[in-house]
Amino acid sequence: MYTGWDAVKEVRFLTKEIAYELARKQKEISVAEFFERNKHILGFGNPTRAIVTAVKEAVDNSLDACEDAGILPDIIVEIKEGDREGEYTIIVEDNGPGIVEKQIPPIFGKLLYGSRFHSIRQSRGQQGIGISAVVLYGQLSTGKHAKIMSKIGENEPAYLYEIAIDTHKNAPEIIRREIVSWEKPHGTRVEISILGDFSRGRRFLYEYLQNTSIVNPHARIVFIEPNGEKHIFDRVTEELPKPTVELKKPHPHGIEMGTLLKLLRSTKAKKLSTFLKTEFISMGERTTQAVCKKANLDPDLDPRSLTREQAGRLLKAFKEVKIMAPPTDCLSPIGELLIKRSLKHETKEISPEFIVATTRPPSVYSGHPFQVEAGIVYGGNLDKESPVKIMRFANRVPLLYQQGECVTTAALSSIDWRRYGLEQRGGKGIPVGPAIFFIHVASTSVPFTSESKEAIADIPEIENEIKLALRECARKMQQHISKKERRRKTREKFLLITKILPEIARKSANMLNKPVPNIDGVITKIMDVIWIDDSIEYEKVKRLQTTLDSFEESKDYGCITKSKITVMNYKKKSTEFLLYAVIPPEAIVGFVKPKPEAITERYIKWKIPPLKATQKYELYFELAGLNEGDFDENELYVDGINPEYVIGANKWEGD
Amino acid sequence: MGSREALEKLNEIALKVYTDLENNEIPKITLPTRAKSNIRFDENLNVWKYGKGRTLRSAKTLDGAYMLLRTMYVAEFIKTMIEQNKSSTLRELYYISEGWDMAKFNSQQESDHLAEDLETITGCLREDFRLRPEEDGARIIGNILIEEKTRSGEKRKIHCQDDVGDAGYSIPYNVEKEKIRFVECDADFVLAIETGGMFDRLVENGFDESHRAILVHLKGQPARSTRRFIKRLNEELKLPVFVFTDCDPWSYRIYASVAYGAIKTAHISEYLATPSAQFLGVAPSDIVNYDLPTDKLTNEDVKALKSELTDPRFNTRFWRDEINLQLKLGKKSEQQALAKYGLDYVTDVYLPEKLTAFGVLRK
């Protein structure tokens with residue numbers, strides 16, 4: 001049985017260098033010493049961080065395990081006060097696949113157990129420092145052992161292990177082993193006592209869990225504080241992230257000398273050309289020949305005989321020859337719709353007026369596929385005078401520290417936000433305004449600045465993609481702001497023509513004892529625009545279940561999004577123009593009226609006939625396949641008319 | 001101008017708006033721009049009046065439309081008052097507008113402003129519109145006998161030394177000839193004083209008697225009636241007028257509104273201003289000459305002084321020198337700072353010295 005708690009994840013946090021170093025010195029120093037030396041980079045530098053790191057390790061493991069097993073995660077995080085001042089018991093319980101019994105001790109009781117360095121796929125654990133480090137920290141700081149309970153299936157027993165780490169041998173020590181009954185069909189429960197500062201760490205912990213829930217819209221996380229207060233971060237989708245495909249082999253871009261030498265020594269290939277084609281991805285016959293030629297190496301050479309200098313030429317040739325980008329199905333972006341839905345769910349109290357998100361196409365840096373997603377939450381109760389808040393994520397894990405050193409911050413700061421309606425001194429730096437920025441970088445190998453894995457390194461390709469993603473969101477935000485501003489101005493004019501002007505007419509007529517004059521002509525003169533207003537409603541409907549011979553009403557409800565658009569002509573006369581309503585790619589278009597010119601997967605297009613002064617023209621469409629609130633603002637564009645004369649729609653820039 | 005004429009003028013505004021609407025034109029009214037940039041010295045009247053600058057109030061904008069709507073409401077309200085022979089205070093006008101739905105004023109400043117707008121458009125005075133300020137006029141003490149027509153229509157003679165207490169005679173809001181007549185006066189000059197404290201000091205020291213002065217308390221920025229009253233004293237009794245204020249930019253504006261006319265009411269400057277009124281002090285040069293206690297100028301003070309340097313009313317040698325001196329000193333002072341040398345110093349030394357320099361007192 002495959003276990004989600006695949007032990008090998010333990011070491012992914014360390015670069016090869018540290019791992020090798022440790023392996024070399026293992027006999028000389030105890031793991032306790034190693035830990036003590038590297039405490040700060042492992043996230044246990046201070047009691048505030050320690051409590052966050054401990055929870056983070058356990059939760060990241062739970063999420064990875066559930067995802068691997070195709071289970072919707074239900075995670076309970078509970079913090080209890082311990083016996084001593086500053087001692088806390090951290091309990092993380094999940095409904096994951098559980099851990100096979102014999103794996104429990106090494107996973108929790110052995111530092112650097114197993115290795116999965118060459119696994120090339122996007123996973124959270126990449127950032128983790130490993131749960132055994134938490135066990136060790138707990139043991140060193142409180143002297144208490146970790147308690148692990150796990151169950152792998154309905155008819156299996158649940159095992160309760162109490163584990164300590166023998167710091168001299170770096171080996172698990174089983175203190176207690178029991179078979180217990182647990183009503184859960186499967187799952188794991190970890191209980192570790194550590195020394196920490198909850199009162200200071202609480203804010204970060206809450207932020208970490210909330211942000212985790214945002215980037216894991218399929219997860220449900222319950223957080224119970226020591227005082228019993230309970231917070232629920234509910235899931236907003238029942239859909240698991242698309243399973244990622246593991247790349248079995250590396251891409252030649254970005255491979256390092258040491259790895260290359262190791263591959264050369266261990267290959268079964270007899271010829272260099274075969275070696276290149278079999279040990280790497282994206283290496284076809286033609287590329288292989290080109291690389292060999294560039295490196296000035298005979299393709300028939302025995303790969304095992306290559307000298308260090310020859311390997312260096314090979315490495316150089318990899319960079320000079322154009323090699324096809326690696327496949328990107330090893331990445332699992334969250335997607336625009338779910339980011340929006342998650343952000344909306346978690347920012348409810350702010351009641352933002354606008355949320356936008358975007359997912360960039362995958363890209364590559366030094367041979368590693370990566371993908372950037374961004375989002376902006378705008379308005380509501382957010383402070384207008386404060387710098388915008390930045391939420392950073394790498395592979396669905398929130399980054400809470402070292403914001404200043406992160407490439408996401410650098411990219412954000414280099415954009416001139418004044419163009420997009422935010423304040424920013426000198427057009428540089430973190431802008432000021434009522435907004436939260438969301439940035440997610442997913443990659444098979446996220447390039448962190450340091451071992452603490454809190455900031456993403458300054459890689460030009462990544463920075464560029466982040467900028468593109470942010471700009472895309474910014475454009476939409478700006479359109480929203482300017483649309484709002486123009487609508488507000490026009491609303492004022494509405495008040496003017498519908499209330500004030502008629503009253504002026506009536507009063508002046510009264511004073512003079514004359515009949516009230518007709519003011520239609522003056523109204524069109526004052527307005528001189530075409531006004532497009534829209535509203536969106538949702539209707540809950542029972543989903544139909546189709547079987548071969550009958551329709552049955554199912555129990556779950558679906559939602560129909562109903563959009564109504566009104567075009568009012570406040571010009572003397574309007575000419576014919578085109579109106580586009582953009583629709584989300586997930587949506588299925590239902591009833592539309594009047595008959596549109598075209599429906600594509602991106603938009604619905606209508607021809608609006610010439611309208612007389614103050615004439616009204618109404619349009620309507622329905623969308624299925626979306627949740628309530630997914631589509632909450634019409635994105636309207638016009639073509640064939642000067643957009644200056646149109647309020648409520650922007651200029652159509654083409655397909 | 002009387003009520004009938006005022007009514008006619010208001011009807012003209014209504015007719016302009018009505019005709020615009022009938023002709024499919026966006027209704028609009030133009031009126032003189034009431035700003036520092038638009039006041040010009042009128043050589044004939046010897047006062048500052050509005051220049052050729054015009055402001056357009058058009059129903060095309062929300063503000064303009066509100067102004068027009070409120071104008072209609074105010075016009076209707078005035079019409080009713082004239083018909084019923086009533087009057088109201090400016091504050092009452094503001095509260096009456098509570099019942100005007102959209103046309104209601106957001107602050108009294110708005111309604112006061114509109115009343116002034118109506119004056120400039122029609123050339124009427126707000127008294128013609130039956131609107132009066134609730135400001136009680138200031139007080140006077142001096143050897144002058146006044147005849148005032150009381151509410152009951154009876155004429156009562158009041159001597160402004162013998163018939164009044166220490167607070168003096170209170171100037172009513174209407175100081176026109178049909179209300180107030182100067183019967184007899186035996187004084188040499190008018191001294192208009194900014195602060196109540198200094199007014200009371202001069203009264204206590206008997207300055208009005210010892211130096212044959214008529215003392216007027218301005219109460220800060222003087223009300224229209226106070227300014228009109230001073231002007232009548234100057235014109236009808238040929239008494240020279242001196243203005244005695246604190247030594248700061250705001251006080252100079254008080255002097256300017258007495259002597260030159262205020263920017264807000266430049267449309268009726270010839271009716272309110274006393275062009276021959278002179279600034280007695282306390283001047284910045286007095287700070288130096290009399291070594292007076294001072295305070296530091298605030299940022300607002302400096303801004304106000306600089307603004308005065310670009311105000312055409314202050315564009316004289318005297319004011320340029322004094323204002324520049326004050327900016328250099330970075331200091332301001334008060335009338336009552338003269339008490340540094342004792343309570344009688346102002347009446348025994350300072351004022352006599354100043355008035356002698358102006359040639360009012362002989363040595």
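Every chain is numbered from 1, with letters handed out A, B, ... down the list of sequences. Computed from a predicted structure; not experimentally measured.
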- [ ] Taking atom NZ of B/Lys104 as the centre, report whether more than 12 heavy atoms of other residues, nucleotides or ligands fall under 6.0 Å from it.
- [x] no
Task: A/Glu423 CD: over 12 foreign heavy atoms closer than 6.0 Å - done: no
- [ ] Measure the shortest side-chain to side-chain distance between B/Glu25 and A/Val522 over non-hydrogen atoms and say whether it is less than 4.5 angstrom.
- [x] no
Open item on the list: Other residues, nucleotides and ligands only: do more than 12 of their heavy atoms fall within 6.0 Å of CD on B/Gln109?
Closed with: no
- [ ] Would you give the length of the straight line joining atom CG of A/Asp520 to atom CG of B/Asn24, rounded to the nearest 0.5 angstrom?
- [x] 8.5 Å
Task: From OH (B/Tyr66) to CD (A/Glu503), nearest 0.5 Å - done: 11.5 Å
Open item on the list: Keeping A/Lys525 on the side-chain end and B/Ile26 on the backbone end, is there a donor-acceptor pair under 3.5 Å?
Closed with: no
- [ ] Answer whether the closest heavy-atom distance between the side chains of A/Met511 and B/Tyr18 falls below 4.5 Å.
- [x] no
Open item on the list: Just checking A/Arg418: does its CZ atom have more than 12 heavy atoms from other residues, nucleotides or ligands closer to it than 6.0 angstrom?
Closed with: yes
- [ ] Heavy-atom pairs under 4.5 Å with chain A are the metric here; pick the option from B/Lys60, B/Glu76, B/Met72, B/Lys79 that has the most.
- [x] B/Glu76
Task: Contact winner vs chain A - B/Asn23, B/Asn11, B/Leu68, heavy-atom pairs under 4.5 Å - done: B/Asn11
Task: Over all atoms of both residues, closest heavy-atom pair of B/Ala14 and A/Ser508 - done: O-CB, 3.8 Å
Task: Part of A/Pro502 within contact of chain B (heavy atom distance under 4.5 Å) - done: neither
TODO: Find the distance between CD (B/Glu12) and CG (A/Leu512) and round it off to the nearest 0.5 Å.
DONE: 11.0 Å
- [ ] Select, from B/Leu15, B/Val17, B/Leu62, B/Ile13, the one with the greatest count of heavy-atom pairs under 4.5 Å involving chain A.
- [x] B/Leu62
TODO: Find out whether A/Pro517 and B/Thr19 are in side-chain contact, i.e. whether some heavy atom of one side chain is under 4.5 Å from a heavy atom of the other.
DONE: no
Open item on the list: Taking atom NZ as the centre, does B/Lys264 end up with more than 12 heavy-atom neighbours from other residues, nucleotides or ligands that are less than 6.0 angstrom away?
Closed with: no
Open item on the list: Quick check on A/Glu385: does its CD atom have over 12 non-hydrogen neighbours (other residues, nucleotides or ligands) under 6.0 Å away?
Closed with: no
Task: A/Tyr645, OH: over 12 other non-hydrogen atoms inside 6.0 angstrom - done: no
Task: Heavy atoms of other groups near A/Glu537 CD, more than 12 under 6.0 Å - done: no
Open item on the list: Just so I understand: if I count every heavy-atom pair under 4.5 Å between each of A/Ile526, A/Leu496, A/Leu495, A/Ile519 and chain B, which residue has the most?
Closed with: A/Leu496
Open item on the list: Heavy-atom cut-off 4.5 Å, strictly under: side chain, backbone, both or neither for B/Thr71 against chain A?
Closed with: neither
